[in-house]
2 protein chains.
Amino acid sequence: MKADAVRGHLDGLLLAVLEQGPLHGYAIIAAVQHRSGGVLELRTGTIYPALQRLERLGLLSSSWESSGERRRRCYALTEAGRHTLAGERTAWSEFTAAIGSVLNPTTPPPGLAT
Amino acid sequence: MKADAVRGHLDGLLLAVLEQGPLHGYAIIAAVQHRSGGVLELRTGTIYPALQRLERLGLLSSSWESSGERRRRCYALTEAGRHTLAGERTAWSEFTAAIGSVLNPTTPPPGLAT
DNA sequence: GCCAATATGTTGGTCCCCTATGCATACACT
DNA sequence: AGTGTATGCATAGGGGACCAACATATTGGC
């Protein structure tokens, strides 16, 4: 998987892994990597600005968790985030359908048993 | 479909529509639009530089078609292009599998009958 | 004391596509 | 003859998004 692959789909990934409960940045990286079968390895320089942006947009809310442990900024999905996630899923299926139908057309090239 | 959607997948689209025969730039735009069900509308400022780049890479070869008509630069897949196209298709399926498994995990969220 | 793992963040750079623009030819309509 | 529309190729400039690299701090093992 080329390094740049998630371009344009990062927001959906972040929202999706937070659907099942709040996580902090480092754990989000691990969650995405795990759920993608080890394929997607996000960088800190990628997700921290993205998380801040999503919080600015009101799709996430954050809080510091410091009790007994190392300080962690935990992000949780807001209602708006849940709604946006649903939209991202729809957009994803439309996107894959569009690209897929060009890349692998259902109309086969001529020449196989007419 | 957001304007920027094809980012990172343009090469595959161009190679794919040229698989069934040579086309010129304007026809490539029409072919992509048609095969995507009208969803993907590439711009000339997008594809002409891309076609030149793919030719530089040896994946396409071009020739001017001027006989009796308006001048057209027709692009055709080379053997290397055909090979790259196969790779793009593999990469595409890996890509969709990776993003899809994060966006729509097969492991459902806990709380539905065990 | 040192190093690895955990954890959050910023900075600079690059790539890639889009918007906007320009130019040229063919054809229909008036 | 002039105008408008469709066809056709091409470049310039801009911006967004992600990455690589770096900076900092704590925890725990050796």
Side-chain angles (χ1 to χ4, degrees), chain A residues 1-15 22-34 36 39-57 59-60 62-75 88 91 95 98-99 102, chain B residues 1-15 22-34 36 39-57 59-60 62-75 88 91 95 98-99 102:
Chain A
M1 186 72 55
K2 72 181 73 167
D4 224 26
V6 302
R7 181 177 285 273
H9 308 283
L10 179 62
D11 292 8
L13 297 182
L14 298 179
L15 296 175
L23 290 173
H24 62 283
Y26 215 72
I28 289 173
I29 294 175
V32 169
Q33 184 170 7
H34 180 253
S36 68
V39 173
L40 299 178
E41 302 186 11
L42 304 179
R43 311 292 157 166
T44 65
T46 299
I47 69 151
Y48 285 114
L51 290 171
Q52 292 164 12
R53 178 171 47 81
L54 292 175
E55 186 176 18
R56 263 202 319 277
L57 292 173
L59 308 181
L60 300 179
S62 73
S63 59
W64 284 102
E65 305 272 335
S66 312
S67 58
E69 292 218 17
R70 193 184 274 101
R71 67 168 191 155
R72 292 169 170 173
R73 185 187 282 278
C74 270
Y75 288 92
E88 292 279 350
F95 169 70
I99 304 286
V102 177
Chain B
M1 186 72 54
K2 69 182 74 168
D4 221 26
V6 302
R7 181 178 284 274
H9 308 282
L10 179 62
D11 292 7
L13 298 182
L14 297 179
L15 297 175
L23 291 173
H24 61 281
Y26 218 72
I28 290 174
I29 294 175
V32 169
Q33 184 171 7
H34 180 253
S36 67
V39 173
L40 299 178
E41 302 186 12
L42 304 179
R43 311 292 159 169
T44 65
T46 299
I47 69 152
Y48 286 114
L51 290 170
Q52 291 164 13
R53 178 171 46 81
L54 292 175
E55 186 177 17
R56 264 202 318 277
L57 291 173
L59 308 181
L60 300 179
S62 74
S63 60
W64 284 103
E65 305 273 334
S66 313
S67 57
E69 291 219 18
R70 193 184 275 100
R71 62 163 197 161
R72 292 169 168 174
R73 186 186 282 277
C74 272
Y75 287 92
E88 291 278 350
F95 168 71
I99 304 286
V102 176

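So that the names make sense, note that chain A is the first sequence line, chain B the second, and so on, each numbered from 1. None of the values given here were measured: they were computed from a predicted structure.
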Practice task
May I ask you to verify if any side-chain N or O of A:Q52 is less than 4.0 angstrom from the OP1 or OP2 atom of C:dT8?
Solution key: no

Exercise for the section: Establish, with yes or no, whether the OP1 or OP2 oxygen of C:dC16 is under 4.0 angstrom from a side-chain nitrogen or oxygen of B:R7. Expected result: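 For B:R7, the contact criterion (side-chain N or O under 4.0 Å from OP1 or OP2 of C:dC16) is not met.
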
Measure [atom1]/[X] against [atom2]/[N] and give the value in whole Å, please.
{"X": "A:L51", "N": "C:dT8", "atom1": "CG", "atom2": "P", "value": "9 Å"}
{"X": "A:I28", "N": "C:dT6", "atom1": "CD1", "atom2": "P", "value": "16 Å"}
{"X": "B:R43", "N": "C:dG22", "atom1": "CZ", "atom2": "C1'", "value": "18 Å"}
{"X": "A:Y48", "N": "D:dA21", "atom1": "OH", "atom2": "P", "value": "19 Å"}
{"X": "B:E55", "N": "D:dC9", "atom1": "CD", "atom2": "P", "value": "13 Å"}
{"X": "B:D4", "N": "D:dG15", "atom1": "CG", "atom2": "C1'", "value": "9 Å"}
{"X": "B:L42", "N": "D:dC9", "atom1": "CG", "atom2": "P", "value": "14 Å"}
{"X": "B:H24", "N": "C:dA26", "atom1": "NE2", "atom2": "C1'", "value": "14 Å"}

Practice task
Give one of base, sugar-phosphate or nothing for A:G25, where a contact means two heavy atoms less than 4.0 Å apart.
Solution key: sugar-phosphate

Problem - Any side-chain heavy-atom pair of B:R70 and B:Y26 under 4.5 Å - result: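 Not touching, per the 4.5 Å side-chain cut-off.
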
Exercise for the section: Using a 4.5 Å cut-off on heavy atoms from C-beta on, say whether the side chain of A:L13 contacts that of A:I28. Expected result: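 With C-beta onward as the side chain, the pair stays apart.
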
Exercise for the section: Please round to the nearest 0.5 Å and tell me the distance separating atom CG of A:L60 and atom CD of A:Q52. Expected result: 11.0 Å

Handout entry: Atom pair CG/CG of A:L15 and A:L54 - distance to nearest 0.5 Å
Key = 5.5 Å

Practice task
Specify the residue among A:D11 and A:T44 whose closest nucleotide of DNA chain D lies further upstream toward the 5′ end.
Solution key: A:D11

Problem - Under 3.5 Å donor-acceptor pair, A:R70 side-chain atoms to C:dA7 base atoms - result: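 Under the 3.5 Å cut-off, the side chain and the base do not form any donor-acceptor pair.
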
Practice task
Kindly say whether, by distance alone, the side chain of B:R73 makes a donor-acceptor pair under 3.5 Å with the base of D:dC9?
Solution key: no

Exercise for the section: Not counting sequence neighbours, which residues clear salt bridge (Lys or Arg N to Asp or Glu O under 4.0 Å) with A:R7? List them please. Expected result: A:D4

